[in-house]
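The structure appears below as structure tokens.
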Amino acid sequence: MRKGRLLIIITILLAMTSMIGCAKVTIEKDNSDKNENDKKVEISVKETKKDDEKSQSINKIKNDNDVIKNTGENSNNNTTKNQYELEYKNGERTFKSEVVPYEESEKVILDALKVEISDEYDKFKDIYVQNDIYLNYPKLYKENLEKGKYTEKIVIHSLKVLSKDEYSKNENEKTYYDYMDRLETLNPKEFKIVEVKYTNKLSEKQDSIAQFPSGTYTRYYVVVKENEKSNFKIFDIYGHLK
């Protein structure tokens with residue numbers, strides 16, 4: 001009898017031990033599965049974070065390139081604008097260029113026309129070659145201004161540097177320059193001939209006596225560099241065509 005009870009107790013203990021072992025295995029398996037899932041989640045989070053960082057990096061590079069591009073474009077635009085003052089006012093009198101002078105040979109011509117509006121006639125000395133024709137320009141313009149004879153408005157429509165054929169090949173062409181001997185005497189380092197189309201409006205007193213009154217004209221400016229270090233200056237002007 002006692003032996004039978006002992007067997008029953010042993011059987012119960014073995015069963016409980018087995019159940020505890022199974023439970024422990026199940027718990028460990030569950031913990032293992034949980035840890036594995038946690039690792040997967042952690043890996044997924046890290047991968048997502050890396051993808052986000054990579055995406056942000058790509059976007060940053062793109063944005064930086066856009067900034068550089070825009071800055072370059074703005075810089076180019078600002079440079080172009082800063083190359084020359086295309087509009088100038090002196091009271092009610094105005095100068096305006098509808099084109100940008102990209103070459104020094106073009107810029108000096110606009111400088112000369114702008115001075116006719118600004119009344120800073122002493123600047124002519126740095127704009128024109130100082131020969132018998134232009135030496136007295138500052139004095140002449142100042143005297144005319146005091147008498148009410150001046151330019152009220154100038155608008156530049158176009159600028160064009162002529163080719164050699166245009167100014168030297170055909171004597172019957174309006175672009176032909178007939179005084180090459182003058183240039184040979186000066187013997188400049190470099191010269192160019194620039195076609196300028198513009199409209200001007202003169203004061204009433206100037207308009208009444210002007211050989212070429214208010215209107216739209218095409219003229220040809222011969223500009224020269226006298227030596228390697230000098231700037232372009234106006235040497236001669238020809239043509240006064242409507």
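Since this is a predicted model, take the numbers as computed values, not measurements.
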Does [X] reach the main-chain N or O of [Y] with its side chain, forming a donor-acceptor pair under 3.5 Å?
X      : Y      : answer
Arg219 : Gly239 : yes
Asn200 : Ile154 : no
Thr185 : Asp181 : yes
Asn227 : Ser230 : yes
Arg93  : Thr151 : yes
Lys147 : Gln206 : no

Aromatic Tyr179 / basic Arg182 pairing, under 6.0 angstrom, 45° off normal: yes
Residues Glu85 and Lys114 bridged, charged N to O under 4.0 Å: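 Result for this pair is yes, salt bridge flagged.
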Pair Lys192-Glu103, salt bridge (Lys or Arg N to Asp or Glu O under 4.0 Å): steps then yes or no: CA-CA 11 Å; Lys192 293 184 179 183; Glu103 297 185 17; 2.8 Å; yes
Examine [X] and [Y] and state if one hydrophobic cluster contains both, with Ile, Leu, Val, Met, Phe, Trp and Tyr joined whenever side-chain heavy atoms are less than 4.5 Å apart.
X      : Y      : result
Ile117 : Leu140 : no
Ile156 : Leu202 : no
Val161 : Tyr198 : yes
Tyr221 : Leu135 : no

Option from Ile237, Leu183, Val129 for which side chain to side chain contact (heavy atoms under 4.5 Å, CB included) with Val222 holds: Leu183
CA sep, side-chain torsions, deciding dist, call: Glu190, Phe232, side-chain contact (heavy atoms from CB on, under 4.5 Å): CA-CA 9 Å; Glu190 182 181 356; Phe232 271 102; 3.7 Å; yes
Looking at [X] versus [Y], is the centre-to-centre ring distance below 6.0 Å?
X      : Y      : value
Phe124 : Tyr141 : yes
Tyr134 : Tyr128 : yes
Tyr177 : Tyr238 : yes

Check against side-chain contact (heavy atoms from CB on, under 4.5 Å), Phe191 and Met180: CA-CA 11 Å; Phe191 79 90; Met180 290 301 293; 3.9 Å; yes
Lys225 atom NZ, over 12 foreign heavy atoms within 6.0 Å: yes
Exercise: identify the closest heavy-atom pair between Ile234 and Val108: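 Result for this residue pair: CD1-O, 4.2 Å.
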Closest non-hydrogen atom pair between Ser203 and Gly148, with its separation: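 Here Ser203 and Gly148 meet closest at OG-O, 2.7 Å.
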Residues Ser163, Glu166; criterion side-chain hydrogen bond (donor to acceptor under 3.5 Å, both in side chains); working and verdict: CA-CA 5 Å; Ser163 67; Glu166 286 178 305; 3.3 Å; yes
4.5 Å side-chain heavy-atom contact, [X] and [Y]:
X      : Y      : answer
Asp236 : Ile193 : no
Glu226 : Val224 : yes
Leu113 : Phe95  : yes
Tyr217 : Thr199 : no
Thr94  : Glu87  : no
Val115 : Tyr121 : yes
Glu98  : Val155 : yes

Intermediate values then yes/no, salt bridge (Lys or Arg N to Asp or Glu O under 4.0 Å), Lys123 and Glu120: CA-CA 6 Å; Lys123 289 184 176 180; Glu120 299 172 304; 3.1 Å; yes
Distance-only side-chain donor-acceptor flag, [X] / [Y], under 3.5 Å:
X      : Y      : value
Asp207 : Ser214 : yes
Tyr84  : Asp111 : yes
Glu173 : Thr175 : no

Going from [atom1] on [X] to [atom2] on [Y], what distance comes out if it is rounded to the nearest 0.5 angstrom?
X      : Y      : atom1 : atom2 : result
Glu195 : Leu162 : CD    : CG    : 6.0 Å
Thr218 : Lys160 : OG1   : NZ    : 11.0 Å
Glu106 : Ser97  : CD    : OG    : 9.5 Å
Tyr150 : Glu116 : OH    : CD    : 13.5 Å
Ser105 : Asn231 : OG    : CG    : 11.5 Å
Gln130 : Asn136 : CD    : CG    : 9.0 Å

Pair Tyr137-Lys125, side-chain contact (heavy atoms from CB on, under 4.5 Å): steps then yes or no: CA-CA 8 Å; Tyr137 257 32; Lys125 295 176 182 178; over 6 Å; no
Glu152: which of Lys89, Lys205, Lys201 passes salt bridge (charged side-chain N to carboxylate O under 4.0 Å, His left out):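 Per the salt bridge (charged side-chain N to carboxylate O under 4.0 Å, His left out) rule, the option paired with Glu152 is Lys201, out of Lys89, Lys205, Lys201.
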Test log, rule ring-ring contact (aromatic ring centres under 6.0 Å, His included), inputs Tyr176 and Tyr167: CA-CA 4 Å; Tyr176 184 81; Tyr167 65 75; 8.7 Å; no
